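All of these numbers come straight from a predicted model, not from anything done at the bench. We name chains A, B, ... by the order of the sequence lines, and we start the count at 1 in each one.
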Amino acid sequence: MNDAPAEARQSREMAAALLSWYDRHRRALPWRAAAGHRADPYHVWLSEIMLQQTTVVTVGPYFQKFLAAWPTVATLAGAPLDDILKAWAGLGYYARARNLHKCAKAVVTDHHGVFPDTEEALLKLPGIGPYTAAAIAAIAFDRPAAAIDGNVERVVSRAFALREPLPETKPQIRDLTRAMVPETRAGDFAQALMDLGATVCTPRRANCLICPWSGSCLGQAQGIAEDLPRKRPKAPKPTRHGTVFWIARSDGAVLVRARPEKGLLGGMTEFPSTQWTEGAEPANPLSQAPLGTGWRKLAGAVRHTFTHFHLELDVWASEPVPRDGCDLPGCRWVDPVDLPAEALPTLMRKVSAHAQAAGDD
DNA sequence: AACTCGTGGAG
DNA sequence: TCTCCAAGAGT
């Protein structure tokens with residue numbers, strides 16, 4: 001089991017088979033260059049940040065919108081952060097948007113507006129971790145870097161029948177992947193491996209009959225491909241409760257404020273609410289409303305699920321507040337027709353829809 | 001080294 | 001309905 005030359009030959013053969021498959025099944029994606037051409041580093045970076053824990057289908061329209069608004073890294077660096085948050089609204093993981101802006105500014109000020117072309121230098125930039133650094137180095141600069149995402153973890157776990165659970169097998173996966181990265185066409189290899197995981201060797205179905213690695217895959221040979229990779233069980237999600245306040249002025253404008261920079265939905269716009277607490281709700285939530293009288297609780301509740309908890313929000317609406325003399329520090333009034341353009345996360349869009357539907361009765 | 005951080009689609 | 005999970009990073 002320690003035949004190094006045989007293992008090296010096996011790695012080269014697997015890489016060659018994968019690249020051959022990629023040449024026949026290459027997908028056209030908005031950020032992907034034409035076959036044989038090198039992609040724009042700005043496009044690669046922007047797409048890779050958006051694709052972190054996010055599907056290709058979801059990212060597509062956001063990528064096009066960002067590219068139209070900010071065609072270069074310099075224009076993105078020069079944009080107000082709030083404009084970027086507004087454009088990012090709905091995509092989730094909002095720290096990515098703030099780091100996107102930080103990274104663009106760092107590229108302009110520290111790298112003369114040109115993305116660095118090594119894994120090591122890329123890794124130092126905000127929002128670029130081990131996966132993204134390797135992906136940009138390989139895809140944009142054709143450097144032999146091993147970009148290991150969830151697809152690669154799954155495909156490699158199956159190809160080598162790694163029976164131990166993640167994350168313990170990550171070092172093995174890294175070594176096995178690195179051994180396969182070819183000296184040339186490293187970018188194509190990275191994209192091919194991810195495409196294989198996305199379209200053939202999928203989480204529930206291994207589809208071994210159409211897989212370019214079916215001849216060598218140990219997971220298939222042992223009949224356990226679809227059971228891999230094994231993972232540790234996840235903790236159940238608790239439910240948090242809260243009350244959100246829909247406060248309209250006599251001219252129809254609604255009260256909003258910005259959330260704190262750090263933490264959940266950091267920097268995004270919200271309607272004022274109580275804290276979201278696990279267990280029973282506060283006895284008198286209205287005492288936490290910034291202003292308003294004549295409260296009525298709207299029928300139903302807004303439900304939303306985050307990565308690690310469920311949320312149930314009651315919505316209370318007040319009587320219209322006078323047009324003048326009701327300004328509050330940190331708060332703004334927004335005409336409801338302008339809400340779609342605000343940096344409202346999906347949760348708050350649900351609140352808005354819920355409150356405005358109740359007002360239509 | 002766990003934990004935090006969104007959202008929407010598939011099954 | 002409910003779980004899983006998708007081109008992960010920051011702390």
Open item on the list: Counting only side-chain heavy atoms from C-beta out, which of C:dA9, C:dA7, B:dT7 sits nearest to A:Thr346?
Closed with: B:dT7

TODO: Specify the separation, in whole Å, of atom CZ of A:Arg98 and atom C1' of B:dT4.
DONE: 13 Å

Open item on the list: Looking only at the side chain of A:Arg154 (C-beta and beyond, no hydrogens), which of the listed nucleotides B:dC5, C:dA9, C:dA6 gets closest?
Closed with: C:dA6

TODO: Measure from the side-chain heavy atoms of A:His308 and tell me the nearest of C:dA7, B:dG6, B:dC5.
DONE: B:dC5

- [ ] For A:Arg32 and for A:Leu123, find the nucleotide of DNA chain C with the closest heavy atom, then tell me which residue's nucleotide is more 5'.
- [x] A:Arg32

Task: Salt bridge present between A:Arg332 and A:Glu342 (N-O < 4.0 angstrom) - done: yes

Open item on the list: Would you measure the distance from the C1' atom in B:dA2 across to the matching atom in C:dA7 and give it in whole Å?
Closed with: 23 Å

Open item on the list: Does this structure show an ion pair linking A:Arg257 with A:Glu270, if we count only N-O contacts that are shorter than 4.0 Å?
Closed with: yes

Task: Any side-chain donor near an acceptor of the partner, A:Thr239 and A:Glu312, under 3.5 Å - done: no

Task: Nearest listed nucleotide, side chain of A:Asn151, among C:dA6, B:dG6, C:dG10 - done: C:dA6

- [ ] Determine: side-chain N/O of A:Lys234 to OP1/OP2 of C:dC5, distance under 4.0 Å, yes or no.
- [x] yes

Open item on the list: Between C:dC5 and B:dC5, how many Å separate the two C1' atoms, rounded to a whole number?
Closed with: 15 Å

Open item on the list: Output the rounded distance in Å from CG (A:Leu347) to P (B:dG8).
Closed with: 11 Å

Task: Centroid-centroid under 6.0 Å between A:Trp246 and A:Phe271 rings - done: yes

Task: Whole-angstrom distance between C:dT1 and B:dG8, as gauged at atom C1' - done: 16 Å

Open item on the list: Once you apply a heavy-atom cut-off of 4.0 Å, does A:Gly263 come out as touching a base, just sugar-phosphate, or nothing?
Closed with: sugar-phosphate

- [ ] Among the candidates C:dA9, C:dC4, C:dA7, find the nucleotide nearest to the side-chain atoms of A:Asp195.
- [x] C:dA7

Open item on the list: Is there a side-chain contact between A:Val107 and A:Trp45 in this structure, where contact means two heavy atoms from C-beta onward sitting under 4.5 Å apart?
Closed with: no

Open item on the list: Categorize A:Arg27 for me: base, sugar-phosphate, or nothing, with a 4.0 angstrom heavy-atom threshold over every strand shown.
Closed with: base

- [ ] Starting at atom NZ of A:Lys231, determine the distance to atom P of C:dT3, rounded to an integer number of angstrom.
- [x] 16 Å

Open item on the list: In whole Å, I'd like the distance from the OH atom of A:Tyr94 to the P atom of C:dG8.
Closed with: 17 Å

Task: Length of the NZ-P vector between A:Lys237 and B:dT4, whole Å - done: 12 Å

Open item on the list: I want to confirm an ordering. Mapping A:Gly90 and A:Pro167 to their closest nucleotides on DNA chain B, which one lands closer to the 5' end?
Closed with: A:Pro167

Open item on the list: Counting the atoms with a prime plus P, OP1 and OP2 as sugar-phosphate, which does A:Leu311 contact under 4.0 Å by heavy atoms, base, sugar-phosphate, or nothing?
Closed with: nothing

Task: Interatomic distance, A:Tyr93 OH vs C:dA9 P [rounded to whole Å] - done: 12 Å

TODO: Just call it for A:Ser47: base, sugar-phosphate, or nothing, with non-hydrogen atoms closer than 4.0 Å on any strand.
DONE: nothing

Task: Contacts of A:His310 that satisfy side chain to side chain donor-acceptor pair (under 3.5 Å) - sequence neighbours left out - done: A:Thr305

Open item on the list: Once hydrogens and angles are ignored, does a donor-acceptor distance under 3.5 Å link the base of B:dG9 to the side chain of A:Thr58?
Closed with: no

- [ ] For A:Trp45, answer base if it contacts any base atom (sugar-phosphate contacts may also be present), sugar-phosphate if it contacts only those atoms, and nothing otherwise; contact means non-hydrogen atoms under 4.0 Å.
- [x] nothing

Task: Spacing between A:Met50 atom CE and C:dA9 atom P, to the nearest angstrom - done: 16 Å

Open item on the list: I want to confirm an ordering. Mapping A:Thr55 and A:Gly129 to their closest nucleotides on DNA chain C, which one lands closer to the 5' end?
Closed with: A:Thr55

Task: A:Gln53 vs C:dG8: side-chain N/O to OP1/OP2 distance below 4.0 Å - done: yes

Task: Among B:dT7, C:dA7, B:dG11, the nucleotide that comes nearest once only the side chain of A:Arg204 is considered - done: B:dG11

Task: Nucleotide C:dT1, atom C1' - distance to NE2 of A:His310 in whole Å - done: 11 Å

TODO: Quick one: label A:Leu265 by what it contacts on the DNA or RNA (base, sugar-phosphate, nothing), any heavy atom closer than 4.0 Å.
DONE: sugar-phosphate

Task: A:Phe306 ring center within less than 6.0 Å of A:His308 ring center - done: no

